[in-house]
Structures are given as structure tokens and as C-alpha cells.
Colleague: 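Take a look at this one; I'll ask things after.
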Amino acid sequence: QVQIVESGGGLVQPGESLRLSCVVSGFTLGSYAMGWFRQAPGAKREGVACINREAITYYADSVKDRFAISRDKAKNAVYLQLDTVQSEDAGVYFCAPRCSVRSGQTLHSYYHGIDAWGEGTQVTVSS
């Protein structure tokens with residue numbers, strides 16, 4: 001059974017940092033691309049970061065140079081480091097075994113057959 005559990009969200013001030021974690025079970029982490037998505041109130045869920053099976057990373061233009069995705073296969077975990085957080089970064093962050101990240105004119109999309117999501121972790125940005 002596939003399980004995905006995100007954690008690490010909270011209240012941060014603009015300019016601060018936060019590290020989100022995603023622990024998975026039921027599948028082999030390194031065999032799947034993993035993506036972080038966020039959803040602001042009233043907005044569609046958007047992909048912000050992706051790490052593919054070869055550990056190549058992709059970022060949405062809005063978070064490039066501020067966010068960093070990584071994985072630890074031994075811990076079955078994927079992380080998202082958020083630096084220099086901005087008010088526009090607020091929302092619920094989800095991770096999933098899929099990617100959909102638009103970087104410039106290129107859409108980096110991966111899906112290997114597991115349709116599963118966690119419940120997400122809330123990031124609130126306020127001064």
C-alpha cells in the first residue's frame with residue numbers, strides 16, 4: 001500500500017527558510033520521479049520542483065534559485081528546502097510520485113503509474 005506523508009510546514013516570515021519532508025512507503029523511491037506541488041487558496045495545484053530517477057532536478061521559474069529538492073533513498077524521503085521565502089510561496093505543499101514543472105518554455109513531466117498523494121503540509125508566510 002502506497003503511503004505519502006508530508007511534514008515540516010509552518011509559519012515563516014518573508015525571507016526566512018523552511019525545510020519540508022516527505023516520507024513514502026509502498027514503492028521504491030529511486031525508481032520514481034518525485035515532485036513537490038503547492039496549492040494556494042483558490043488556485044490550481046502547481047508543480048514547483050522535481051527530482052527524476054536520475055536525480056536530475058527541475059524547478060518552476062518562480063522558485064528557481066530559492067528552493068532545492070533532494071532525496072534520501074535510505075530513508076525513503078524527499079525534501080524541499082525553501083529559502084528566502086516570499087508571500088507568494090504560501091499554500092499547501094504536497095509531494096507525489098510524479099512531476100509537472102514548467103521551467104521557461106519546457107514542461108518537465110513524469111508519471112510512472114502510481115496515482116497517490118499525501119495530505120500535504122501548510123506553509124504560511126506572514127510578517
Side-chain angles (χ1 to χ4, degrees):
Q1 182 179 1
V2 173
Q3 289 190 318
I4 299 172
V5 180
E6 302 95 338
S7 63
L11 174 64
V12 293
Q13 296 186 355
E16 291 187 336
S17 296
L18 200 62
R19 189 192 194 208
L20 308 182
S21 299
C22 169
V23 177
V24 306
S25 60
F27 63 98
T28 303
L29 188 63
S31 298
Y32 294 83
M34 292 296 297
W36 279 97
F37 298 76
R38 73 181 174 198
Q39 188 166 20
K44 293 182 180 179
R45 192 172 299 185
E46 62 170 341
V48 297
C50 171
I51 183 166
N52 69 10
R53 290 185 289 194
E54 292 75 31
I56 298 172
T57 58
Y58 304 99
Y59 299 95
D61 292 339
S62 59
V63 307
K64 191 176 179 182
D65 298 327
R66 298 189 300 115
F67 288 14
I69 187 171
S70 62
R71 71 185 181 195
D72 185 333
K73 290 188 283 185
K75 296 182 178 180
N76 288 329
V78 181
Y79 306 100
L80 186 67
Q81 178 70 35
L82 289 65
D83 292 326
T84 320
V85 171
Q86 302 173 355
S87 57
E88 306 85 74
D89 297 325
V92 181
Y93 283 71
F94 303 87
C95 78
R98 66 175 70 200
C99 289
S100 181
V101 173
R102 182 167 296 280
S103 180
Q105 299 295 320
T106 304
L107 176 64
H108 302 282
S109 181
Y110 296 90
Y111 179 68
H112 305 301
I114 294 182
D115 184 14
W117 295 88
E119 296 195 354
T121 186
Q122 176 76 50
V123 174
T124 302
V125 184
S126 176
S127 55

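Here the structure is a predicted model, which is why all the values come from computation and not from measurement. The chain is numbered in sequence order, starting from 1.
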Colleague: Which residue pairs satisfy the side-chain hydrogen bond (donor to acceptor under 3.5 Å, both in side chains) criterion with at least one member in residues 65-74, sequence neighbours excluded?
Modeller: Arg66-Asp89
Colleague: In terms of heavy-atom contacts, does CD of Glu54 have more than 12 from other residues, nucleotides or ligands at under 6.0 Å?
Modeller: yes
Colleague: At their closest point, which heavy atom of Leu80 faces which heavy atom of Ala49, and how far apart are they?
Modeller: CD1-CB, 3.8 Å
Colleague: I'd like to check the side-chain contact (heavy atoms from CB on, under 4.5 Å) partners of Ala40; sequence neighbours left out, ordered by chain and number.
Modeller: Ala43
Colleague: With a cutoff of under 4.5 Å between side-chain heavy atoms, which Ile, Leu, Val, Met, Phe, Trp and Tyr residues group with Phe37?
Modeller: Val92, Phe94, Trp117
Colleague: Just to verify, what does Lys64 make a side-chain contact (heavy atoms from CB on, under 4.5 Å) with, not counting sequence neighbours?
Modeller: Tyr59
Colleague: Sequence neighbours left out, what pairs pass disulfide (SG to SG under 2.5 Å) with at least one residue falling in residues 56-127?
Modeller: Cys22-Cys95, Cys50-Cys99
Colleague: Going by side-chain heavy atoms closer than 4.5 Å, which hydrophobic residues are tied to Val23, directly or by a chain of links?
Modeller: none
Colleague: Would you tabulate the side-chain donor-acceptor contacts of residues 103-116 under 3.5 Å, counting partners in other chains and residues two or more places apart, or write 'none'?
Modeller:
from: Tyr110; atom 1: OH; to: Asn52; atom 2: ND2; distance (Å): 3.1
from: Asp115; atom 1: OD1; to: Arg98; atom 2: NH2; distance (Å): 2.7

Colleague: Assess whether side-chain contact (heavy atoms from CB on, under 4.5 Å) is satisfied between Val123 and Arg38, documenting all intermediate values.
Modeller: CA-CA 9 Å; Val123 174; Arg38 73 181 174 198; over 6 Å; no
Colleague: Quick one: pull up CH2 in Trp36 and CG in Leu20 and give me the separation to the nearest 0.5 Å.
Modeller: 5.0 Å
Colleague: Hydrophobic clusters join Ile, Leu, Val, Met, Phe, Trp and Tyr when side-chain heavy atoms are under 4.5 Å apart, directly or via other members; which others share one with Tyr79?
Modeller: none
Colleague: How far apart are the C-alpha atoms of Ile69 and Val78, what are their side-chain angles, what is the distance that settles it, and do they pass the side-chain contact (heavy atoms from CB on, under 4.5 Å) test?
Modeller: CA-CA 7 Å; Ile69 187 171; Val78 181; 4.0 Å; yes
Colleague: Looking at residues at least two apart in the chain, or sitting in another chain, which of them share a side-chain hydrogen bond (donor to acceptor under 3.5 Å, both in side chains) with Gln39?
Modeller: Arg45
Colleague: When clusters are formed from ILVMFWY side-chain contacts under 4.5 Å, directly or step by step, what else is grouped with Leu11?
Modeller: none
Colleague: Among pairs that include at least one residue of residues 2-31, which meet ring pair (Phe, Tyr, Trp, His ring centres under 6.0 Å), considering only residues two or more places apart or in two chains?
Modeller: Phe27-Tyr32
Colleague: Please, which pairs that meet side-chain hydrogen bond (donor to acceptor under 3.5 Å, both in side chains) have at least one residue in residues 6-28, sequence neighbours excluded?
Modeller: Ser17-Asp83
Colleague: Quick check for you: to the nearest 0.5 Å, what is the distance between Thr57 atom OG1 and Phe67 atom CZ?
Modeller: 14.0 Å
Colleague: Hydrophobic clusters here meaning ILVMFWY residues chained together by side-chain heavy-atom distances under 4.5 Å, can you tell me if Ile51 and Leu82 are in one?
Modeller: yes
Colleague: Indicate if Val48 and Val24 have the same hydrophobic cluster label, given that clusters are the connected sets of ILVMFWY residues with side-chain heavy-atom separations under 4.5 angstrom.
Modeller: yes
